[in-house]
2 protein chains.
Amino acid sequence: MESRELAYFVAVAEELNFGRAAARLGIAQPPLSRAIQQLERRLGVTLLERTSRQVSLTTAGEVLLHEGRKALTTLESAERRAKRAGRVDPRLVLVMKPGGDAGLLEQVLDRYAEHPEAVEVEVMICGIGEQEGFLRDGTADLAMLRLPHDDPSGFATEELLTEREVVVLQRNHRLAGRKSVRMSDLAGEILPRWTDECPSSGPVVRDTGQVTQLIALGRTIAVLPQSVTLHLRRDLVAVPVIDGHLTTLLIAWSEESRSRPLAAFVRTAAEVAAAHTGVEAAG
Amino acid sequence: MESRELAYFVAVAEELNFGRAAARLGIAQPPLSRAIQQLERRLGVTLLERTSRQVSLTTAGEVLLHEGRKALTTLESAERRAKRAGRVDPRLVLVMKPGGDAGLLEQVLDRYAEHPEAVEVEVMICGIGEQEGFLRDGTADLAMLRLPHDDPSGFATEELLTEREVVVLQRNHRLAGRKSVRMSDLAGEILPRWTDECPSSGPVVRDTGQVTQLIALGRTIAVLPQSVTLHLRRDLVAVPVIDGHLTTLLIAWSEESRSRPLAAFVRTAAEVAAAHTGVEAAG
DNA sequence: CGGTTTTACGGAACACGTAACCATG
DNA sequence: CATGGTTACGTGTTCCGTAAAACCG
């Protein structure tokens with residue numbers, strides 16, 4: 001199967017309409033129609049049921065859509081990584097969301113820079129939940145992921161640290177003076193809605209900047225990893241949540257990577273995190 | 001990047017010789033040479049350093065070789081799975097090595113057959129360490145893997161059970177009467193060399209049949225998971241190894257799979273394993 | 001009829017093979 | 001000088017776009 005054919009099929013399967021798919025691909029409908037027919041002939045399988053008014057996926061089509069998307073991103077990833085590896089200045093690209101390093105990164109970068117095999121590290125800040133995509137498609141070599149929110153499947157990972165959660169509140173909130181709270185104390189509060197989560201009816205937010213702004217305005221409160229307290233606005237307070245989730249910070253990279261600079265970076269990050277945990281436990 | 005180009009590159013990168021690579025691909029050298037040039041031009045990266053006597057990989061070439069191999073197998077996997085999904089009789093293919101189910105599979109199959117959404121399950125017996133390949137390339141939907149020997153990275157997995165190891169001996173071996181042994185007791189013994197392991201100087205073996213035969217002949221002894229005792233030849237004995245590794249049996253499947261019959265099978269396997277563990281713990 | 005997919009046809013691009021060429025050990 | 005990669009050139013396939021036809025609500 002040629003990757004071009006597969007990309008064509010994925011476009012049609014996503015649009016469920018040959019015309020729109022062709023427009024998206026920048027070609028005319030007829031070649032697209034023929035390409036799909038040829039693909040079906042070669043596979044010996046019907047992928048799409050079409051009437052002249054409706055296109056739908058067969059079971060085989062659904063399978064090829066899911067698995068094919070993965071195959072295409074893997075292919076693009078290979079291409080991007082090879083391109084990057086060919087650049088004259090070797091470098092690592094690390095992607096994280098704002099605050100997604102639990103305050104570890106600065107120290108990791110400093111320490112890594114002292115390493116004999118160190119290369120330049122480009123830190124790329126992305127939106128929430130975008131890390132995986134950049135790592136999968138080869139734009140980045142390393143990503144900071146947060147369990148259980150992010151999905152590390154398909155990557156090699158190393159656990160850096162595990163944190164309790166805190167609830168972030170306006171200074172004059174009824175719970176602001178508490179030493180700690182339980183989740184049950186938060187019943188009835190308005191919690192923000194992160195873009196992908198359906199439940200709860202609070203305001204829709206996309207990043208922590210928006211959340212903190214809304215908290216400061218008294219429109220919501222949020223349960224976040226403890227490390228947010230490192231850079232919290234002065235007008236907000238954080239109270240530990242006794243029975244909150246444990247969130248784990250991971251550093252993730254492509255399983256295929258055999259790069260020595262990358263391995264060194266991961267090792268450094270793990271060492272710094274281990275030291276950090278020791279300090280926290282002691283303090 | 002077209003998958004054909006990538007396959008050409010991988011062939012050259014593996015052979016480090018355009019002529020042999022062309023022969024392997026079933027084409028003439030010149031088109032291959034041009035295809036590689038075109039790929040390099042399109043990526044804007046030099047992948048191979050060639051003199052007329054020697055071909056070697058650049059850094060970018062190494063990256064593309066590793067990542068590209070993965071991309072190609074993912075592509076083939078998508079193709080195989082789509083083909084299989086298009087067949088009239090839906091079925092699951094489970095791959096394992098002989099004895100690789102720790103005696104669980106029969107019960108799992110029986111119980112799964114009673115499930116309302118059950119489909120036919122084809123059990124495929126492969127050589128040692130071949131499971132991953134068949135799962136990766138889409139030939140199988142499910143595999144039984146054994147930690148730490150097999151590598152489950154890139155798959156979704158569910159732990160079934162964890163076993164101690166036993167040492168398998170000829171009946172009149174000096175240790176055969178022991179209730180248990182330690183690894184240090186085995187110092188000086190000749191251990192078999194599994195195909196991929198370099199150390200140890202014992203006989204090279206490929207499957208448990210060969211191993212048991214050699215043990216019966218007094219040529220070697222072997223440390224294996226406890227479950228081998230379920231089907232051990234009468235002329236051999238097994239002695240628990242106190243400080244042996246713990247080996248974990250996993251059931252693994254493609255992360256992309258969204259198939260309900262597959263999910264049901266995994267659930268059934270986990271349930272049966274849990275019950276089994278309960279029995280063992282009690283007994 | 002209206003919107004959508006498929007068939008028909010002509011042209012351009014691409015990939016292949018043979019043969020000649022060139023470079024290095 | 002021989003082994004092995006590259007360039008040159010002619011041929012066949014494939015892929016595309018336009019135009020016309022078939023299909024279904």
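For the pair A/Asn17 and C/dT5, the criterion of a side-chain N or O lying under 4.0 Å from OP1 or OP2 is met. A sub-4.0 Å separation between OP1 or OP2 of C/dT6 and a side-chain N or O of A/Ser33 is present. The shortest distance between the side-chain N/O atoms of B/Arg50 and the OP1/OP2 oxygens of C/dT24 is not below 4.0 Å. Neither OP1 nor OP2 of D/dT18 sits under 4.0 Å from any side-chain N or O of A/Gln29. Considering only side-chain N and O atoms, B/Gln37 lies nowhere under 4.0 angstrom from the phosphate OP1 or OP2 of D/dG5.
If you take CG of A/Leu32 and P of D/dT18, they are 15 Å apart, rounded to a whole angstrom. Put simply, CZ on B/Arg42 is 14 Å from P on C/dA13, counting in whole angstrom units. Here C/dT4 presents its P atom at 12 Å from CD of A/Glu15, a figure rounded to the nearest Å. The interatomic distance linking B/Leu25 (CG) with C/dA15 (C1') rounds to 14 Å, in whole Å. Taking atom CG of B/Leu47 as the reference point, atom P of D/dG5 lies 16 Å away to the nearest angstrom. The distance from atom CG of A/Leu16 to atom C1' of C/dT4 is 14 Å, rounded to the nearest whole Å. Per the geometry, CD belonging to A/Glu49 stands 14 Å off P belonging to C/dT5, to the nearest Å. Whole-Å rounding puts the B/Gln54 CD to D/dG4 P distance at 12 Å.
Contacts of A/Gln38 with the nucleic acid, taken as non-hydrogen atoms under 4.0 Å apart, involve only primed sugar atoms and P, OP1 or OP2.
At a cut-off of 3.5 angstrom, counting only N and O atoms as typed in the model, there is no donor on one side facing an acceptor on the other between the side-chain of A/Arg53 and the base of C/dT4. Contact of B/Arg20 with D/dG4 (side chain to base): no donor-acceptor pair of N or O atoms is detected under 3.5 Å. In the interface, the side chain of A/Arg34 is paired with the base of D/dG17 through a donor and an acceptor atom under 3.5 Å apart.
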Take A/Arg24 and A/Glu14 through the salt bridge (Lys or Arg N to Asp or Glu O under 4.0 Å) test and state the conclusion after the steps.
CA-CA 11 Å; A/Arg24 202 173 98 183; A/Glu14 284 178 354; 2.8 Å; yes
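Distance CZ/A/Phe18 to OG/A/Ser33: 5.0 Å, rounded to 0.5 Å.
Of the listed residues (B/Val63, B/Leu64, B/Leu16, B/Leu47), just one forms a side-chain contact (heavy atoms from CB on, under 4.5 Å) with B/Leu57, and that residue is B/Leu16.
For B/Pro30, the listed nucleotide lying nearest its side chain is D/dT7; candidates were D/dT7, C/dT6, D/dC24.
Here A/Lys83 pairs with A/Glu79 in a salt bridge; the nearest charged N to carboxylate O distance falls below 4.0 Å.
Counting heavy-atom neighbours within 6.0 Å of B/Arg87 CZ, excluding the residue itself, gives a total of 12 or less.
Between A/Thr51 and A/Ala28, the one whose closest nucleotide on DNA chain D sits nearer the 5' end is A/Ala28.
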